[in-house]
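Worksheet: the structure to be examined is printed underneath.
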Amino acid sequence: MDPECSQLLPALCAVLVDPRQPVADDTCLEKLLDWFKTVTEAGSSVLLLQENPCLVELLSRVLVSQDLSPGTLSFSLRLTGVFAAQESCFQYLQGELLPGLFGELGPRGGAAWTAPAVRSGWTQGLRSLARHPSALHVLADHGILDTIFSLQEDSSLFVASAAGQLLAHILGLSMQGHAQGHPGPQACDWPACAQRIVGHIEEALRSSATPRVARALNALTTMFGHCHSPWTQVLWVRLSPLVARLLEKDPIPAAHPLVDLLLSVARSPVLSSDCGLWETLAQALSHLSPTQAGPLALGILKLQDCPQALSTQAFAVLLQPLVCVLKATAQATGPAGLLGGTTSASVTVDALLSSRPACVALLCQTLAHLELLQPMPQRPSPWPQALLLGAAVTILQLCRGSAAPASDVGGRLCVLLAGCVRVQRAALDFLGTLSQGTGPQELVTQVLAVLLAYLESPDSSPTVLKKAFQATLRWLLSLPKAPGCCDLDPDLQLFLRELLAVLQKRLCSPCWEVRDSGLEFLTQVTRHWGGQAGFQHVLLASEVPALAEQLLRDPERYVRASAVTALGQLSGHGLHATSASPGHPGGQQRSPLQDLLHILSTDSEGFPRRAVMQVFTEWLRDGHAEVAEDVERFVARVLQVASRDLDWEVRAQGLELALVFLAQTLSQPSPCCPYAVAPPEAVPPSRLAQALQALCRVRLFEFAFRALFDCDRPVAQKSCELLLFLRAKAGPCDGLQEAGGSPDVASVEAALQRWRVGEQDQPLGDLEPGAVMAVLRSMDLDGLRGTLAESSDHVEKSPQSLLQDVLASVGVLGENEADCY
């Protein structure tokens, strides 16, 4: 511990035990606790207490004080646990402090126990000190277990949850030493503490009170999830009949905690070979309701070593709701053996038809589970792609009212799902995921048709339209290209014409979210298909490029930013509108570059300007035709505008563009990562001299030096990395100074010094390469990088500052002795 902090500790301890000076900010106490944890993890807790006896005095005063605030008492209990986590310190405190604080004569017997914060601090303190076998004696001798049992039923959910976790931890600790050398000790040989805990859990599992059963199941889930010793197999053999008996009750009590426990046991490497476990899981799949069985089925299918029969049953449980939907619309449901051993279809139908919320919840859960399962390597094989595609399409049709019900069940589903946005979003997400697989052509045609119908429908909400655009994009990119891979299939081109006609309408929507989603879709599809001749032909025959350009002047800033990004992609492939812009008198034609420069200079919102800088960086990197006409002029104009921007992200993106130009000028194929461990190779002097001249002409150094002293730390960091990259590429470079004579370094350094103190009005003027390199070598850029890497509040976050703040909050320190932040 720092000497400065040690000097402040006595005053801090005096404040904490003085009821006349309560610490009102519990956040400070939490920070103090974190600091003490850091200190004890780095050294001996006994030594800490011996060097700072005020800490022991603090804990002793807590024993006798009756009027401490709940927050201070909770803090003291947790702090005691932090110290006693080391066995040597546990022995040091064991005499009176530990029994007094955690035993019957401590807070448990006083009025402070009514405060949930005190009960929580007591529980967390015990959890911290229960790290070694010595702690078991305290736990067993002072009625602590009985208190933990009662806290499992605490009115505070946080306290009850912590008590259950503590119980599981104590059980593992009590078996830790006893089980060493015994591969699987019998339950009758277990320590008394462990037997008491197990007996308490058994009693709870036999209880008719569902909350009590749930608490026991949660404690077991924690224990099996963290402890994989051989003795856990004996425990499961002992408890599994009680768990299986829960499945025979109607209704099944605490179904969700029960599923969590079964999956926790199944994931244990010690228990995964137990045949009785697989039988219990199969029984659970058959007895749980469809909504309850879904998470269990998904968890089973994620297991690495699972019997094939159980995997088949679990997958059938997941598919059952979709199969019922297909049957309700008289569609084929796949191989007859697929659903063998599942919950009866009538139960699933009853769950679907019971109410609109129940139907929606079951379908959304099923679609979400299958979406998670689809990309997993251990997914069932064969994967019923056709069945899933048909079900997703049918659900979307039911939501729109366009499905043809073949029974009363189908008619009821039409009513329940009509206009349900939640199910539409889930089905569209799932449909997009299914694009990763293949399916019959007729089903793919149905998929594209239902997606187009959703994009066309005036009833589709903005969020549903966004999902429909995303799913459509995924399916378009997954479709095979025509022979030769240089063009699009004729049927696909026809679909694109219809799709772009819909996109035109959506780009004119009065809802800005819809316009934004349409632009995002246009950007992505152009990025992937901009080089396809068929796509270019269909796109240029539409009004989409012109509409995208008009949206550069949209009243909504997000739409303008998306329009900038879309225009960047269109222009990069030569697909932007070529007609004169209607927004300019006389029909004077403006290039995309001019439009974006205008936005960068005049737009009042930051989002569009940031998008412009990202587009410009991409254009420079990809060699955009208009940029390539005069790269230096382009870079100079962009950096000049970006340097004056008030948005730090625009200035930071300007440095990204500068790095791309720097790498290209130095004939680097791509910008070397400035954060790479290996330094970049030096550039030959002749090429370096030419490159530095170009960098000076575009005033890149002035932009970078100005950014180096930027008030926004991310901008200064990027500038520092850029200059370090250049200095490393330049190498010693003695020949550069010889060629240019003696550089005028003093004037540059004087200007930079003025910039450092905030006087950045005066420009640097025309810089010489030699002077720039001399200044770069004279600057401590490595030290500056280290300084910038520190958080802006690293001083205020120091332990000394924290102690000063606590003392100042109660008036112990003068107003000038504390950090104000």
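Computation of the quantities below employed the complete heavy-atom set of this structure, encompassing side-chain atoms and omitting hydrogens, waters and symmetry-equivalent molecules.
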- In Å, rounded to the nearest 0.5 Å, how long is the span from CD of Gln424 to OG of Ser460? 6.5 Å

- Query: What pairs of residues pass the salt bridge (charged side-chain N to carboxylate O under 4.0 Å, His left out) test when at least one of them lies in residues 412-437, not counting sequence neighbours?
  - Reply: Asp429-Lys467

- With sequence neighbours left out, write down each residue that passes ring-ring contact (aromatic ring centres under 6.0 Å, His included) with Phe75, or none if nothing qualifies. none

- With sequence neighbours left out, what residues match Gln165 under side chain to side chain contact (heavy atoms under 4.5 Å, CB included)? Ser161, Thr222

- According to the salt bridge (charged side-chain N to carboxylate O under 4.0 Å, His left out) rule, which pairs have a member within residues 210-235, sequence neighbours left out? Glu153-Arg215, Glu203-Arg212

- Task: Scan residues 244-263 for pairs that pass side chain to side chain donor-acceptor pair (under 3.5 Å), counting only residues two or more places apart or in two chains.
- Result: none

- Donor on one side chain, acceptor on other, Ser120 and Thr123, under 3.5 Å: no

- Selection residues 216-234 - residue pairs positive for salt bridge (charged side-chain N to carboxylate O under 4.0 Å, His left out), sequence neighbours left out: none

- Message: Enumerate the side chain to side chain donor-acceptor pair (under 3.5 Å) contacts for residues 125-140, please, sequence neighbours excluded, ordered by first and then second residue.
- Response: Glu87-Ser134, Gln91-Ser134, Arg127-His169

- Hey, could you give me the CG/CG distance between Leu263 and Leu281, rounded to the nearest 0.5 Å? 7.0 Å

- Item | Of all pairs that satisfy salt bridge (charged side-chain N to carboxylate O under 4.0 Å, His left out), the ones with a partner from residues 99-120, not counting sequence neighbours | Arg119-Asp154

- Task: Just jot down the side chain to side chain donor-acceptor pair (under 3.5 Å) partners of Lys302, sequence neighbours excluded, or say none.
- Result: none

- Query: Can you list every side chain to side chain donor-acceptor pair (under 3.5 Å) pair that touches residues 367-393, not counting sequence neighbours?
  - Reply: Glu371-Thr433, Trp383-Gln385

- Which residue pairs pass the side chain to side chain donor-acceptor pair (under 3.5 Å) test when at least one of the two sits in residues 292-301, sequence neighbours left out? Ser289-Gln292

- Could you pull out all residues at least two apart from Ala297 that satisfy side chain to side chain contact (heavy atoms under 4.5 Å, CB included)? Leu285, Ala314, Val317, Leu318

- About how many Å separate CG of Leu298 and CD of Gln365, when rounded to the nearest 0.5 Å? 9.0 Å

- Minimum side-chain heavy-atom gap Trp122-Thr147 below 4.5 Å: yes

